[in-house]
Amino acid sequence: MSELYIRVAEEENEEPMEIPSEDDGTVLLSSVAAQFPGACGLRYRNPETQCMRGVRLVEGVLHPPENDWGNLVYIVNYPKDNKRKMEEIDAATVVKIKRGFQKTSDLIVLGLPWKTTEQDLKDYFSTFGEVIMVQVKRDAKTGNSKGFGFVRFTDYETQTKVIAQRHMIDGRWCDCKLPNSKACPDEPMRSRKIFVGRCTEDMTTDDLRQYFMQYGEVTDVFIPKPFRAFAFVTFADDQVAQALCGEDLIIKGVSVHISNAEPKHNNIHQLFPNFPGGSASLAAMFDRSQYHFPSSHV
């Protein structure tokens, strides 16, 4: 009988591999095991009964069913105990990888003092663990710091520890978190918007827009009417907005305070008790404008 190849696969739905037969038409188990390590036999599905049948194995030699391998696809048999152990080992390996080798991410560092350098950041965060990367974001034209930066650690546990606490960097409290984190349910609504307190009546929307454009693209400026000594500025980049929060800035010779704008106005009557029309009128105005009061203002 001339040499032929039989089709062998690890599972029924997988692409088969051709295994060479011997001159007498048999197939050596060692030939199968060379392509499928650990194989101990072959089986096939009977076309008539659709049941699985085993291929006869004698002293390491596989014999064709009814003296003809035909055009069937033969499935590899493995020792059950060995296969189970391999599956358990694979599962344990996956768990170990998930627990011990979780990938770290770039963390955004918010509220950095303008004077903080990348070396300052590296020196500070190296006390927690090995630092892969630090970066202070700077204005492309002036080279001045934008008040925030990024840090990345080698170890995931170090990253978790850093996120869980506040950090005093160059005399100022800073926060670390995953960029665009939704840990706070209010974050998506307030992240790009800031509350500008202590405004004066001679400040126009154009004045505020021109001033804040030095930090990043400004998409909207809102000054309520009648004038209430505050305004809202919305940036295209939420990181710019968060970096400015907590700052006291000088606009037209006046010190203004920047804080978060939150989607809450349940205490409007406490903040502005003398507003014409009462708290309901003020709340309606802010609902229409889609702007909201911060948790605190100065």
Side-chain angles (χ1 to χ4, degrees), residues 103-156 158-184 186-197 207-222 231-251 255-262 294-295:
K103 187 177 180 181
T104 59
S105 305
D106 292 349
L107 303 180
I108 185 170
V109 187
L110 300 172
L112 286 177
W114 307 119
K115 65 179 181 178
T116 301
T117 66
E118 292 181 346
Q119 187 60 50
D120 294 333
L121 273 186
K122 186 173 184 180
D123 291 343
Y124 174 81
F125 285 112
S126 292
T127 61
F128 293 88
E130 183 178 356
V131 175
I132 298 176
M133 176 278 299
V134 292
Q135 180 186 27
V136 174
K137 296 298 288 184
R138 299 183 180 278
D139 185 90
K141 296 181 179 179
T142 66
N144 295 330
S145 169
K146 291 186 176 182
F148 68 95
F150 294 91
V151 61
R152 186 166 188 165
F153 296 93
T154 301
D155 186 66
Y156 187 81
T158 301
Q159 172 179 303
T160 303
K161 185 191 304 181
V162 168
I163 292 176
Q165 64 184 80
R166 304 197 74 194
H167 305 273
M168 178 64 73
I169 302 176
D170 287 339
R172 182 175 175 181
W173 285 109
C174 302
D175 294 298
C176 286
K177 65 176 185 176
L178 293 169
N180 300 319
S181 170
K182 295 184 180 180
C184 174
D186 294 336
E187 191 69 18
M189 299 182 64
R190 63 174 174 144
S191 58
R192 296 188 300 114
K193 187 188 307 178
I194 60 172
F195 177 90
V196 185
D207 291 332
L208 294 179
R209 184 182 298 274
Q210 289 297 321
Y211 179 84
F212 285 106
M213 279 177 58
Q214 65 181 303
Y215 301 105
E217 181 184 353
V218 175
T219 60
D220 189 46
V221 177
F222 176 76
F232 292 94
V233 176
T234 304
F235 291 93
D237 189 341
D238 63 339
Q239 297 172 347
V240 173
Q242 292 299 315
L244 289 174
C245 290
E247 289 292 328
D248 290 304
L249 306 175
I250 305 298
I251 302 177
S255 175
V256 299
H257 182 73
I258 311 300
S259 59
N260 271 319
E262 297 181 357
S295 56

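We number each residue from 1, following the sequence as shown.
Annotation: Phe153 is not in aromatic contact with Phe128 [ring centroid separation under 6.0 Å not met]. Close placement of the Phe125 and His167 rings is indicated, their centers lying within 6.0 Å of each other.
Scanning both residues, Ile194 and Cys245, for their nearest heavy atoms gives CG2-SG, 4.2 Å.
The distance from atom CG of Leu121 to atom CG of Leu112, rounded to the nearest 0.5 Å, is 5.0 Å. Between the CG atom of Asp106 and the CG atom of Leu178 there is a distance of 9.5 Å, given to the nearest 0.5 Å. Annotation: the span from Thr219 atom OG1 to Lys193 atom NZ amounts to 9.5 Å, rounded to 0.5 Å. Between the OG1 atom in Thr154 and the CD1 atom in Ile132 there is a gap of 4.0 Å [rounded to 0.5 Å]. One distance of note links CG of Leu110 with SG of Cys176; it measures 8.0 Å at 0.5 Å rounding. Between the CG atom of Asp120 and the NZ atom of Lys122 there is a distance of 12.5 Å, given to the nearest 0.5 Å.
More than 12 non-hydrogen atoms from other residues, nucleotides or ligands lie less than 6.0 angstrom from NZ of Lys146. Taking a 6.0 Å sphere around CE of Met133, one finds it holds more than 12 heavy atoms contributed by other residues, nucleotides or ligands.
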- Tell me, with the steps shown, if Val218 and Thr234 meet side-chain contact (heavy atoms from CB on, under 4.5 Å). CA-CA 6 Å; Val218 175; Thr234 304; over 6 Å; no
- Query: Given Thr116 and Asp170, is the side chain to side chain donor-acceptor pair (under 3.5 Å) satisfied, shown in steps?
  - Reply: CA-CA 7 Å; Thr116 301; Asp170 287 339; 2.7 Å; yes
- Message: Applying side chain to side chain donor-acceptor pair (under 3.5 Å) to Gln119 and Asp123, what does each step give before you reach the verdict?
- Response: CA-CA 6 Å; Gln119 187 60 50; Asp123 291 343; 2.8 Å; yes
- side-chain contact (heavy atoms from CB on, under 4.5 Å) between Val221 and Phe212: does it pass, once the steps are laid out? CA-CA 10 Å; Val221 177; Phe212 285 106; over 6 Å; no
- May I have the step-by-step check of side-chain contact (heavy atoms from CB on, under 4.5 Å) for Arg152 and Val131, ending in yes or no? CA-CA 6 Å; Arg152 186 166 188 165; Val131 175; over 6 Å; no
- Query: Step by step, would you call Arg138 with Val136 a side-chain contact (heavy atoms from CB on, under 4.5 Å)?
  - Reply: CA-CA 6 Å; Arg138 299 183 180 278; Val136 174; 4.1 Å; yes
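Applying the ring-ring contact (aromatic ring centres under 6.0 Å, His included) test to Phe150 and every residue at least two apart in sequence or in another chain returns nothing. Qualifying side chain to side chain donor-acceptor pair (under 3.5 Å) partners for Asp207, counting only residues two or more places apart in sequence or in other chains: Thr204, Lys252.
Each of Leu208, Ile251, Ile250 was compared with Val256 under the side-chain contact (heavy atoms from CB on, under 4.5 Å) criterion, and only Ile251 meets it. For the side-chain contact (heavy atoms from CB on, under 4.5 Å) with Gln159, the qualifying choice from Asp155, Ile163, Val162 is Ile163, the only one to do so.
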